Amino acid sequence: MPELPEVENARRYLMEIGLAGRTFTMANIGWSKSVRYPDLEDFVLGLPGRIVEAINRRGKYLLLGLNTGETLVLHLGMTGGIRVHPKTQPAPSMVRHTLELDDGRELRFIDPRKFGHLWLVDDLQKAVPEMGLEPLDRGFGPELLARALAGRGAPIKALLLEQSVIAGLGNLYADEALYLARIHPERRGSSLTPEEVAGLKDGIVRALTVALAQYDRSRQAGWPDPPLGLATWTIPRKAGEPCVRCGTPMESIRIRARGTYFCPGCQML
DNA sequence: AGTACGTCCTGATCGC
DNA sequence: TGCGATCAGGACGTAC
């Protein structure tokens with residue numbers, strides 16, 4: 001599922017295929033509920049003629065800065081992916097929307113489960129809710145993470161999934177980070193020691209960095225059409241499979257209705 | 001405010 | 001072998 005590494009991979013892909021400087025000429029929306037702002041008519045009428053000037057990311061949101069000062073915001077949801085292909089090239093399955101460009105190509109928004117969303121906003125706050133720490137920023141340190149977790153009694157796994165606490169983690173990398181830090185997912189956020197918070201910060205950064213490096217290699221190897229997703233975590237996501245670190249069978253529980261995998265041998269309560 | 005849960009979706013997988 | 005039931009989860013609305 002698209003989490004920070006997948007969205008950042010999409011951002012780098014859009015940079016590398018030369019989206020910057022291109023003008024949108026038409027928006028074809030195949031599932032109207034995907035457009036969150038403005039209404040469908042204004043979105044479709046508003047996009048043509050706009051030039052992409054910047055390609056940024058905040059958490060799991062892709063931010064395409066336009067020459068009008070507006071931003072085209074894309075969220076890939078659970079199953080979303082982005083491709084830029086010549087219009088004449090056969091489309092992959094499950095393309096829900098296409099945004100045509102002035103150079104004969106089109107941006108294809110793939111989204112089998114239709115959980116992805118698009119916004120065209122003059123003010124970013126209309127699309128992007130309050131975001132927490134950006135884990136790949138230089139300033140991301142154990143003190144900030146500790147402050148974000150202070151006074152929180154929810155399970156640490158649930159807190160890692162809250163975008164207002166830390167931006168960009170999803171179910172898979174949250175499990176991966178806790179595994180690397182050897183922290184049980186049901187530990188209360190406020191119960192972590194400073195040492196554990198520091199370890200968790202390292203686990204988060206490591207999980208994301210390793211995944212991103214793998215995506216960078218895949219883009220080079222697969223140019224111009226690299227794979228959309230890679231399995232970049234080390235936890236066996238199947239109960240009973242041996243932990244790669246200590247051999248203990250992995251355990252599966254549910255936290256906030258999310259499948260959560262951890263090793264009861266090296267992630268103690 | 002903090003916490004928890006149902007809802008939206010459909011391809012993949014499971015079980016009889 | 002086939003087909004219906006179940007599972008998967010990011011973000012948001014709602015409830016306590």
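Predicted model only: the values in this text are computed from it and were never measured.
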Separation of [X] atom [atom1] from [N] atom [atom2], in whole Å?
X        : N      : atom1 : atom2 : answer
A:Asp175 : C:dG9  : CG    : C1'   : 12 Å
A:Tyr261 : C:dC7  : OH    : P     : 12 Å
A:Trp31  : B:dT10 : CH2   : C1'   : 10 Å
A:Leu159 : B:dA1  : CG    : P     : 17 Å
A:Arg113 : B:dC9  : CZ    : P     : 13 Å
A:Tyr37  : C:dC12 : OH    : P     : 16 Å
A:Arg36  : B:dC9  : CZ    : P     : 11 Å
A:His117 : C:dG13 : NE2   : P     : 10 Å

Within less than 4.0 Å of OP1 or OP2 of [N], is there a side-chain N or O belonging to [X]?
X        : N      : result
A:Lys33  : B:dC8  : no
A:Lys60  : C:dA11 : yes
A:Arg96  : B:dC9  : no
A:Arg256 : B:dA4  : yes
A:Gln163 : C:dG10 : no

Between A:Tyr215 and A:Glu6, is there a side-chain donor-acceptor contact under 3.5 Å, judged purely by atom types and distance?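 The answer is yes; a qualifying pair exists.
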Would you say A:Arg50 and A:Asn67 are linked by a side-chain donor-acceptor pair, where the criterion is simply a distance under 3.5 Å?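 No, no side-chain donor-acceptor contact under 3.5 Å.
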Please figure out whether A:Ala150 or A:Pro112 has its closest DNA chain B nucleotide nearer the 5' end.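 Checking each residue's closest nucleotide, the 5'-ward one belongs to A:Ala150.
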Indicate, yes or no, whether a donor-acceptor pair under 3.5 Å links the base of C:dA8 to the side chain of A:Arg258.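 Such a pair does not exist between side chain and base.
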Presence of donor-acceptor pair under 3.5 Å, side chain of A:Arg152 and base of B:dG2: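 Such a pair does not exist between side chain and base.
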Looking at the side chain of A:Pro155, which of C:dC12, B:dC9, B:dA4 is the nearest nucleotide?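 In terms of side-chain proximity for A:Pro155, the closest of C:dC12, B:dC9, B:dA4 is B:dA4.
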Heavy atoms only, 4.0 Å cut-off, all strands: where does A:His75 land among base, sugar-phosphate and nothing?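 Result for A:His75 = sugar-phosphate.
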Does NZ or CZ of A:Arg245 lie under 6.0 Å from the centre of the six-membered ring of A:Tyr179, at an angle within 45° of the ring axis?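 Ring-cation test returns yes.
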Is it true that A:Lys87 and A:Glu106 make a salt bridge, defined as a side-chain N closer than 4.0 Å to a carboxylate O?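 No, this pair does not count.
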Would you call A:Arg237 and A:Asp175 a salt bridge, using N to O less than 4.0 angstrom?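 Salt bridge: yes.
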